[in-house]
Amino acid sequence: MTTASIQIRPSSTLVFSAALLVFVGVVALVSLVALPQDPFDFITDEPFMPPAAGIWLGSDYLGRDVLSRLMDGTRITLFMAMTATLLAHLIGDTLGLTAAIRGGILDAALSRIVDVLLSLPKIIVGLVVVAALGSSIWVIIGIAAVVYSAGVFRIARALGTDLKNMDYIMLARSRGEGTLWILFGEILPHVIRPLATDFALRASFAILFMSSLSFIGLGVQPPLADWGGMARENLGGLSTNPLAAIAPAIAIALVSIALNLLVDALDDDARH
Amino acid sequence: MGTSVLTVDHLGIATKAGHKVLDDVSLQVRRGEVLALIGASGSGKTTLALAALGHMRPGLEHVGGSVNLNGVDVLKAPHPVLNRLRGRIGAYIAQSAAAAFNPRIRLGDQVVESALLHHSQKSAEARARAREVFRYLSLPSPDRIGSRFPYQVSGGQLQRFMIAMGMQEEPLLMVCDEPTSALDVTTQVEVMRLLKRAIRDNNTAALFVSHDLAVVAQIATRIAVMRAGRIVEVGETDQVVNAPREEYTRELIAACTHLSLASLANRPSRLLTAPATALSVQSIVAGYGNVRGGKPQITTLHGVDLEVGKGEIVAVIGESGSGKTTLARVIAGLHAPASGTVALEGEPLAGLDRERTDGQRRRVQLAVQMADTALNPKHRIRRILGRVLRFFHGLRGDAAEARMVDLLAMVSLPANYLERYPTQLSGGEKQRVNLARALAADPDVLICDEITSALDTIVAGQIIDLVKRLRDELGLAIIFISHDLATVASIADRVTVLRHGRVVEAGECTRVLSAPADPYTRLLVASVPELRRGWLEDAAATRKALEVELEMVRPTVAGWNEQAEMMP
Amino acid sequence: MANIILWRLGATLLILLVVSLLVFWACEILPGDVAQVALGQYATPENVRALRLEMGLDRPAIQRYLEWLVGALQGDWGRSLVTKTPVSSLLSERLANTALLAGVTTLIAVPLAVLLGVVTTMWNGRAFDRAATVSFLALSATPEFLLATLLVLLFAVNLGWLPAVAYLSTGSDFGQTARALLLPTASLVIVVTAQIARMTRAILGSILSQPYIEMAVLKGIPRQRIVGYHALRNAVGPLANVVALNVAYLVSGVVVVETIFAYPGLARLMIDSVQSRDLPVVQACAMIFCATYVVLILLADVLARLFDPHSLAERPTDAL
């Protein structure tokens with residue numbers, strides 16, 4: 001073999017990343033029903049107590065159970081990431097595919113707006129909006145949804161434009177088929193898979209983005225905490241109970257890596 | 001009998017999934033000999049050509065036998081050994097020079113690169129040799145052209161650079177993989193002539209891969225016929241062409257003669273009593289960019305006329321850049337002309353399809369070249385045909401079902417193909433479905449845009465027969481667009497020859513192709529490959545004679561006119 | 001070519017104008033008005049009114065926007081609502097610190113990443129390839145604050161070699177500055193390097209599947225030269241793009257890293273100002289970050305075009 005080929009066995013990578021994501025999802029669901037401790041209750045007077053029997057990850061800066069808060073944070077983190085990505089895709093896919101098929105002024109106008117959005121650093125947009133509107137879960141979700149819908153628009157539009165130039169779409173148009181039929185009949189079956197892949201990737205960006213906002217103190221506000229917020233509030237306890245800050249940060253890294261591996265494996269799969 | 005340069009011994013190569021690509025292939029190429037490998041696409045000929053230089057594409061593995069190039073077992077040799085061999089002992093000439101040259105490195109540097117890496121030539125020596133070869137291959141300004149980048153020269157010139165690169169180190173063996181099939185016919189003649197001379201003058205051995213028997217017959221000492229990974233017949237050129245032993249070789253030769261100018265002679269004459277005009281095209285001017293003073297910025301059609309009657313096939317012939325595809329798109333309403341009219345039975349049509357009525361759109365149907373992109377790969381044939389029936393005729397249920405079966409029968413496909421997806425069909429079958437879909441609309445006019453050019457000779461012949469049958473059975477008016485005169489000769493009633501967006505000659509097919517009046521038509525006719533020996537030399541002579549008249553002596557600096565005309 | 005660059009430059013200026021409008025507008029839609037925010041919730045209505053007059057808030061928004069814009073162009077960003085000092089005086093030192101952090105990171109990460117990307121592509125072996133792919137992917141998907149926290153835990157808390165907080169003062173010598181910069185820079189370098197290296201590999205990988213690479217193989221060119229010359233030459237344009245985008249992406253990394261190490265940079269200033277709702281400072285910081293980002297993207301685009309030979313001779317095609 002003389003040309004480069006990145007050979008990833010889809011099975012092992014897929015299985016690992018999918019299993020991890022499913023596990024995280026299950027944890028989020030379980031946290032709705034039962035948690036080892038009340039995540040808002042002070043279980044000990046000692047802040048940053050090291051792990052012990054029954055308090056597997058120790059206590060946080062106020063003496064609350066880190067494990068329970070981590071599980072509770074899983075739900076908040078996933079909910080925010082999923083909602084934001086879903087919204088970003090709803091906006092981006094609809095507008096992107098429509099722009100690709102219709103072309104003309106609509107396409108030009110939307111594309112320019114997206115150009116502007118994409119040429120702004122996302123975190124700065126987040127900071128300005130938080131400065132203006134204050135911080136709440138819904139504000140953060142809204143920022144992420146709008147900011148990421150621009151990237152989704154680009155992808156959806158590119159997919160749509162590629163397909164539009166296919167002879168079968170050209171022939172359907174010349175037959176006199178309407179935009180809706182072309183969109184749902186001819187185009188949609190081709191774009192579902194790439195858009196689903198993009199969804200996973202976009203979700204990993206969203207998780208990193210939102211937890212960064214929380215980490216700098218402008219995201220989810222106490223006493224609620226997503227993973228980024230937990231990493232921030234327990235930063236002071238690195239010498240006594242480092243797990244309090246590091247466990248949530250590791251959780252973010254694992255989910256983000258698993259999503260990226262999943263996308264890689266799916267891409268690889270599609271190529272063969 | 002000279003010594004053997006290349007010996008392939010019981011070679012087997014398979015995909016990693018276990019599908020055999022080459023099965024027990026043995027052959028020899030001796031010094032100074034040209035062995036042609038001929039076969040349809042997928043017969044394994046490119047895999048064999050690459051294996052001759054010890055290269056296998058990703059996804060393939062060596063399952064048996066050996067390849068010996070000048071004493072080295074190249075499929076077992078380590079990379080450093082292979083790298084010293086490649087270019088110096090065995091050189092490769094790729095099919096598409098446009099893709100095979102690195103776009104970011106100057107042509108001259110690419111030509112001498114191997115020689116410098118092999119230390120077989122010193123820098124100044126290598127450059128001098130390159131200039132000498134450029135001159136030998138009649139490249140313009142040979143002393144300076146090496147400093148150009150690939151995008152700065154035309155397609156024909158690029159193919160000559162490819163040959164120059166192969167000749168740089170005077171290898172013992174040149175492996176030529178379809179070296180001219182990406183070129184226009186008139187350019188092909190020149191490149192073939194140069195290649196043939198280069199091989200002869202240097203006494204180089206060559207392994208020459210092609211799908212075109214007529215081209216191969218001009219250059220080969222011996223011919224090996226491949227089919228499905230096996231060699232079915234090997235013999236001296238004359239023997240294979242004139243007295244083939246195998247049935248498959250006979251089929252290939254039959255298809256080759258079927259689709260040739262020779263077919264004009266033994267064509268049953270069709271008595272046409274001036275058929276009623278179905279579609280007429282008048283003074284179409286079309287192109288791209290803003291229209292100023294009635295002319296688009298880049299004009300591809302300068303006032304083209306065309307007329308086609310019921311039950312008649314009119315061929316539009318032209319090389320790349322002649323504007324023939326634009327013409328098809330204008331007629332189909334996919335491209336608005338700057339001026340001129342298209343009329344259907346006297347009734348003028350709007351420029352764009354969306355301004356035409358449903359009836360008008362139904363009556364003019366287009367079948368395109370690439371059946372792969374013409375059929376939605378996610379839809380079954382049932383849905384592809386059914387949608388057209390429902391859209392234009394409101395047919396559903398049993399009525400639609402019956403009609404679909406009829407349509408498939410019309411293009412000689414069984415009814416159970418309705419359940420298939422396009423990816424489950426062969427190239428020829430896809431093209432049949434493509435035609436069936438056009439027929440589903442019940443058109444009066446059918447435009448076929450290069451529908452056979454992506455197909456192998458034998459399959460192309462079958463599609464041609466199908467189109468003829470459709471004309472006779474349905475009385476369709478057919479506009480058959482092609483770059484290939486041989487195909488046209490066997491099918492058209494009348495022809496129109498396009499060059500640079502202008503009609504240079506039009507008339508009855510037999511007359512135009514047997515006694516062309518225009519010099520360009522004469523050149524085209526002379527450039528159609530023929531099986532007979534000496535055709536290449538005749539064609540080259542005709543080309544030379546017509547060069548001045550046709551203003552083919554091109555300026556030394558490639559402007560984009562030339563590129564538009566010559567890029568494959 | 002020059003036309004395209006001029007056109008892109010014009011588009012960039014237009015984008016910056018739109019951004020300035022958005023930034024200004026964002027701070028206008030604030031619930032309650034700036035004067036109220038500045039004085040806090042216990043201010044008397046008289047005081048608020050007086051401040052509004054003083055700040056010129058009674059005049060139309062358009063007029064204030066234009067004054068703000070003209071001032072900003074001259075380097076006058078108004079006065080901080082919190083410290084009452086000119087914003088520009090707050091900016092200069094912070095800006096220099098952030099530029100130092102981002103600059104050092106870029107200087108280390110970019111050459112390192114491209115080198116790693118190229119070298120790991122040259123050595124091809126399945127296991128090695130896979131290891132390189134997965135490790136670059138994992139590192140580039142890791143949040144900066146995990147890396148930074150781990151580095152602090154190891155070097156500051158456990159080993160005690162380096163400070164956990166990066167104090168920079170005007171008087172500090174080179175050694176002190178270097179010690180303060182080490183951990184913040186390292187956190188950023190790891191993530192940025194992994195990202196650029198990963199994309200370099202992807203770009204080279206797609207170039208290596210081109211027909212002209214197979215031709216080079218068949219000419220007897222060794223793999224190192226194929227990757228380092230034939231492929232790399234074609235990768236320059238896309239690489240310029242990737243590098244600039246990643247340097248731009250540094251903005252978000254800088255925000256996080258400055259927080260964790262209490263690094264006295266522009267991002268830290270902006271976050272503090274967002275928390276204290278010191279809007280003139282937020283506006284100034286946002287404009288500076290956005291302008292840097294937009295200019296880097298412009299640069300990437302121009303570089304990519306300069307290195308694309310086809311942009312010199314765009315050919316019309318038959319397809320629409």
Side-chain angles (χ1 to χ4, degrees), chain A residues 1-9 13 112-113 115-116 118-135 164-165 170 204 207-209 211-213 215-218 227-228 231-232 235 238-239 242 245-246 248-250 252-261 264, chain C residues 11-12 15 18-19 22-23 26-27 29-31 121 124 126 129-130 133-134 137-138 140-146 149-150 152-153 156-157 164 201 204-205 208-209 213-214 217 223 227 248-249 251-252 255-256 259-260 270-271 273-275 277 279 282 285-286 289-290 293-294 297 319-320:
Chain A
M1 286 246 285
T2 29
T3 45
S5 57
I6 298 160
Q7 300 264 332
I8 293 183
R9 271 167 294 152
T13 320
R112 292 300 82 75
I113 293 174
D115 283 350
V116 173
L118 282 177
S119 59
L120 301 178
K122 298 180 173 50
I123 195 103
I124 301 300
V125 174
L127 289 179
V128 172
V129 176
V130 169
L133 297 181
S135 184
K164 195 177 97 172
N165 291 329
M170 181 194 83
S204 84
I207 286 188
L208 287 182
F209 173 75
S211 46
S212 290
L213 269 183
F215 185 81
I216 57 182
L218 296 173
W227 288 341
R232 172 198 173 80
L235 211 51
L238 283 183
S239 49
I246 286 177
I250 287 179
I252 295 166
L254 281 180
V255 169
S256 152
I257 291 170
L259 283 168
N260 276 277
L261 279 176
D264 237 40
Chain C
T12 303
I15 286 179
V18 174
V19 170
L22 288 176
V23 166
C27 297
I29 57 168
L30 189 79
T121 310
N124 70 329
R126 196 175 297 180
D129 226 28
R130 190 175 152 77
T133 304
V134 172
L137 181 144
S140 63
T142 304
E144 290 90 353
F145 55 82
L146 174 60
T149 312
L150 289 174
V152 168
L153 184 64
V157 177
R201 282 171 56 83
L204 288 174
L208 286 176
S209 63
I213 296 297
E214 183 175 65
V217 169
R223 181 165 177 99
V227 174
Y249 169 85
V251 170
S252 90
V255 170
V256 168
T259 305
I260 214 171
M270 184 170 178
I271 295 165
S273 309
V274 169
Q275 270 155 350
R277 296 220 154 163
L279 295 173
V282 172
C285 294
F289 276 123
C290 288
Y293 195 88
V294 171
I297 288 177
L320 282 178

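Quick note: numbers below take in every heavy atom, side chains included, and nothing from hydrogens, waters or symmetry partners. The chains referred to below are lettered A, B, ... by the order of the sequence lines, with proteins before strands, and numbering in each begins at 1.
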Q) Would you say A/I124 and C/M270 make side-chain contact, with heavy atoms under 4.5 Å? A)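 Answer yes - side chains close enough.
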Q.
Heavy-atom pairs under 4.5 Å with chain C: which of A/V116, A/V125, A/I246 has the most?
A.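 So the answer, after comparing A/V116, A/V125, A/I246, is A/I246.
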List the atom of [X], the atom of [Y], and the distance in Å for their closest heavy-atom pair.
{"X": "C/C290", "Y": "A/P121", "value": "SG-CD, 3.8 Å"}
{"X": "A/D115", "Y": "C/I15", "value": "O-CD1, 4.5 Å"}
{"X": "C/L279", "Y": "A/A131", "value": "CD2-CB, 4.4 Å"}
{"X": "A/I216", "Y": "C/Q275", "value": "O-NE2, 3.9 Å"}
{"X": "A/N260", "Y": "C/A141", "value": "ND2-CB, 3.5 Å"}
{"X": "C/R277", "Y": "A/L133", "value": "NH2-C, 3.9 Å"}

Contact part of [X] toward chain C, heavy-atom cut-off under 4.5 Å: side chain, backbone, both or neither?
{"X": "A/V129", "answer": "neither"}
{"X": "A/L118", "answer": "backbone"}
{"X": "A/R112", "answer": "neither"}
{"X": "A/S211", "answer": "both"}

(Q) Let's go through C/V19 and A/L120 carefully: what are the C-alpha distance in whole Å and the side-chain angles of both, what is the deciding distance for side chain to side chain contact (heavy atoms under 4.5 Å, CB included) to 0.1 Å, and is it a yes or a no? (A) CA-CA 8 Å; C/V19 170; A/L120 301 178; 3.1 Å; yes
Q.
Using a 3.5 Å distance criterion without hydrogens, assess whether the side chain of A/S119 forms a donor-acceptor pair with backbone atoms of C/V294.
A.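 No, the answer is negative, given that no donor and acceptor are paired below the 3.5 Å cut-off.
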Q) Given the rule in the side chain to side chain contact (heavy atoms under 4.5 Å, CB included) test, do C/F289 and A/I123 qualify, once you have shown the distances and angles that lead to the verdict? A) CA-CA 10 Å; C/F289 276 123; A/I123 195 103; over 6 Å; no
